[in-house]
> 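Have a look at the structure that comes next, please.
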Amino acid sequence: MTETPDAPRLAETIEEVEDALLSRWPETRLEPSLDRIAAFTEVLGDPQRAYPVIHLTGTNGKTSTSRMIDGLLRALDLRTGRFTSPHVERLNERISVDGEPLDDEAFVRAFNDVAPYTHLVDADQPHPLSFFETVVGMAYAAFADAPVDVAVVEVGMGGSWDATNVADAAVAVVLPVAVDHAAYLGGTPAAIALEKAGIIKPGSVAVLAQQATEAAEVLLQRASEVGARVVAEGVDFGVISRVPAVGGQVLSLQGLRARYDDVFLPLHGAHQAQNAAIALAAVEAFLGDESQPLDAEVVGAAFAEATSPGRLEVVRRSPTIVLDAAHNPHGAAALAAALEDSFTFDPLIGVLGVMGDKDHEGLLAALEPVLAHVVCTQNSTQRAMPAEDLATAAREVFGPDRVTVASTVATAIEQAATLAEAGEAFGSPLGSGAVLVTGSVVTVGEARSLLVRPERAR
């Protein structure tokens, strides 16, 4: 068991912050209670009540949608805070103000602002504050200190018992619900929807993506019970049309206030178009008066600037290397559809590294139709599934001739790039091959740190 610190542990560097946070309960160790985070935010002065919150849950798409909401709010001259998790490369990414992650100095300051209170909560609770709870407290306090006009907050896992849920959202966004984290959230869409529905609060507006029938029934029942207003994709808003284009896609979106045409989104796939429609509806719902359309030029400019690192992100050419953080079958299916929709890679070589608690068989099955070959590897965390174990499963899906093994992400990328460049071996023209790195946010983060020039100022 993690020892309870006897005194606050102040930090001078970002490395010391990470060390202090990692000494606490990890994100994977859960104890379903809001008692600790509620006690923590109370001693901090309940900073999460200093600004309105747009809260997001769902199985996939939270980070991309959060970033789009953030961008549109900033285009409308609102100061934003954004909390997302997990991070792709650096811990700072989890807490952003005005669209930019806190720099190292600001992140250290945010930690030291709350550190004197962590040991008070630890001493008064059956279990100490976790890594995630501490970072949530840091984010809420940093947003109040900024101050922000609105916070865009992504749940860590689930909804009801997620530490972010000490905030009462003005707008609660529920993205598509599928089975993930089944050990913690339940094994059916309905069970998972019940947990995620907990972010819908009395008086809020619930922005609901299209859902499986059993999940939709649970979400609508929750909204009815607490008196939340519902706006639903396919009924009140949605994607009217989408056309793949160079560098992204061109959309027509039906919002709550108006229709917005010729919206260029520099992200690929039908799922990102859906995320854009949901982001638009969330912002329109947040602003309240739905009789006045948003300025179409402002909407277009905001979406044209959208980015989502590690989500169908092209980071290299010759050969092309694409990163995508899909880590469950639902996400992998969306990824496969987007690849067929937006790219013409041949052959496409997969680099796959997954966590041991994920449905790797479902993920492999979803990706098999679009991958000519897969290099199975493992990331550097203890939770990673061993590369050899993943390869054993992959051979059952791909056949033994389409699977190789590499012990590290770096080696796997090298092997995959060699295969992609030798496209003729797969009966493909030279130069059209590509590499896809996927399976886990951590795997993608490690690949990104190898392939992308560090942008330490961001």
> Main chain of S252, side chain of R259: is a donor-acceptor contact present, judged purely on distance under 3.5 Å?
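Answer holds: no.
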> So does V174 get a backbone contact from the side chain of Q211, meaning a donor-acceptor N/O pair under 3.5 Å?
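Looks like yes, one N/O pair under 3.5 Å.
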> Stepwise, does the side chain to side chain donor-acceptor pair (under 3.5 Å) test hold for E214 with T188?
CA-CA 9 Å; E214 57 180 312; T188 66; 4.6 Å; no
> Spell out, as yes or no, whether a donor-acceptor pair under 3.5 Å connects the side chain of T65 to the backbone of A279.
no
> Can you confirm whether L280 sits close enough to M68 that some side-chain heavy atom of one is under 4.5 Å from a side-chain heavy atom of the other?
no
> Check for a donor-acceptor pair, side chain of E93 on one end and backbone N or O of V88 on the other, with a separation under 3.5 Å.
yes
> What are the two closest non-hydrogen atoms of A296 and Y260, and how far apart are they?
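The pair with the smallest heavy-atom distance is CA-CD2, 4.2 Å.
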> Would a 4.5 Å heavy-atom cut-off, applied to side chains only, mark L364 and V354 as touching?
no
> Within a strict 4.5 Å, meaning less than it, do heavy atoms of the H360 and L352 side chains meet?
no
> Would you check if the side chain of S64 reaches a backbone N or O of G61 as a donor-acceptor pair within less than 3.5 Å?
no
> CZ of R90 to CG of D103: how many Å apart, nearest 0.5 Å?
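It comes to 9.5 Å.
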> Is there a side chain to side chain donor-acceptor pair (under 3.5 Å) between N328 and D359? Walk through the geometry before answering.
CA-CA 6 Å; N328 53 47; D359 179 2; over 6 Å; no
> Hey, does the side chain of Q254 reach the backbone of D236 with a donor-acceptor pair shorter than 3.5 angstrom?
no
> Report the relative orientation of the aromatic rings in F343 and F345; use parallel for angles under 30°, tilted for 30 to 60°, perpendicular for over 60°.
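If you compare the ring of F343 with that of F345, the planes turn out parallel.
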> Kindly say whether G269 contributes a backbone atom to a donor-acceptor pair with the side chain of Q272 at under 3.5 angstrom?
no
> As an exercise, state the distance from CE of M138 to CG of L44, rounded to the nearest 0.5 Å.
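Rounded to the nearest 0.5 Å, the CE-CG separation comes out at 11.0 Å.
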> Before you tell me yes or no, could you show the steps for W161 and L34 under side-chain contact (heavy atoms from CB on, under 4.5 Å), namely the whole-Å CA-CA distance, both residues' side-chain angles and the distance that decides it to 0.1 Å?
CA-CA 6 Å; W161 301 113; L34 294 180; 4.2 Å; yes
> Counting N and O atoms only, with roles assigned by atom type, does the side chain of S160 sit under 3.5 Å from a partner on the main chain of E195, one being a donor and the other an acceptor?
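Checked: pair present.
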> Using residues 70-81 as the side-chain source, report each donor-acceptor pair under 3.5 Å to any protein atom, sequence neighbours left out, with the distance given to one decimal.
from : atom 1 : to   : atom 2 : distance (Å)
D70  : OD1    : R74  : NE     : 2.9
D70  : OD1    : T80  : OG1    : 2.6
D70  : OD2    : R82  : NH1    : 2.4
R79  : NE     : D98  : OD2    : 2.9
R79  : NH1    : A146 : O      : 2.7
R79  : NH1    : P147 : O      : 3.4

> Between F237 and I278, does a side-chain contact (heavy atoms from CB on, under 4.5 Å) hold up when you go through it step by step?
CA-CA 8 Å; F237 67 90; I278 294 164; 3.9 Å; yes
> Any side-chain to backbone donor/acceptor pair from T443 onto T438? Under 3.5 Å, distance only.
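Checked: no pair found.
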> Go through the steps to decide whether K201 and R222 satisfy the test side-chain contact (heavy atoms from CB on, under 4.5 Å), and finish with yes or no.
CA-CA 9 Å; K201 302 292 180 67; R222 167 69 179 182; 4.2 Å; yes
> Could you walk me through whether S342 and Q249 pass side chain to side chain donor-acceptor pair (under 3.5 Å), step by step?
CA-CA 9 Å; S342 303; Q249 53 193 312; over 6 Å; no
> If the plane angle is over 60° it's perpendicular, under 30° parallel, otherwise tilted; pick one for Y140 and Y51.
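If you compare the ring of Y140 with that of Y51, the planes turn out tilted.
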> Does a sphere of radius 6.0 Å around CD in E18 hold more than 12 heavy atoms from other residues, nucleotides or ligands, not counting ones at 6.0 Å or beyond?
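Yes, the 6.0 Å shell around CD holds more than 12 heavy atoms from other groups.
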> Hey, does F303 have a side-chain heavy atom less than 4.5 Å from the side chain of L251?
no
> Can you tell which of S96, P101, S66 makes a side-chain contact (heavy atoms from CB on, under 4.5 Å) with T84?
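Single pass found, and it is S66.
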> For a side chain to side chain donor-acceptor pair (under 3.5 Å) check, start with the C-alpha distance between E225 and Q221, then their side-chain angles and the critical distance, and finish with the verdict.
CA-CA 6 Å; E225 288 172 353; Q221 181 177 348; 3.1 Å; yes
> Has the side chain of E284 got a donor or acceptor atom that lies under 3.5 Å from a matching backbone atom of L256?
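Yes: the side chain of E284 pairs with the backbone of L256.
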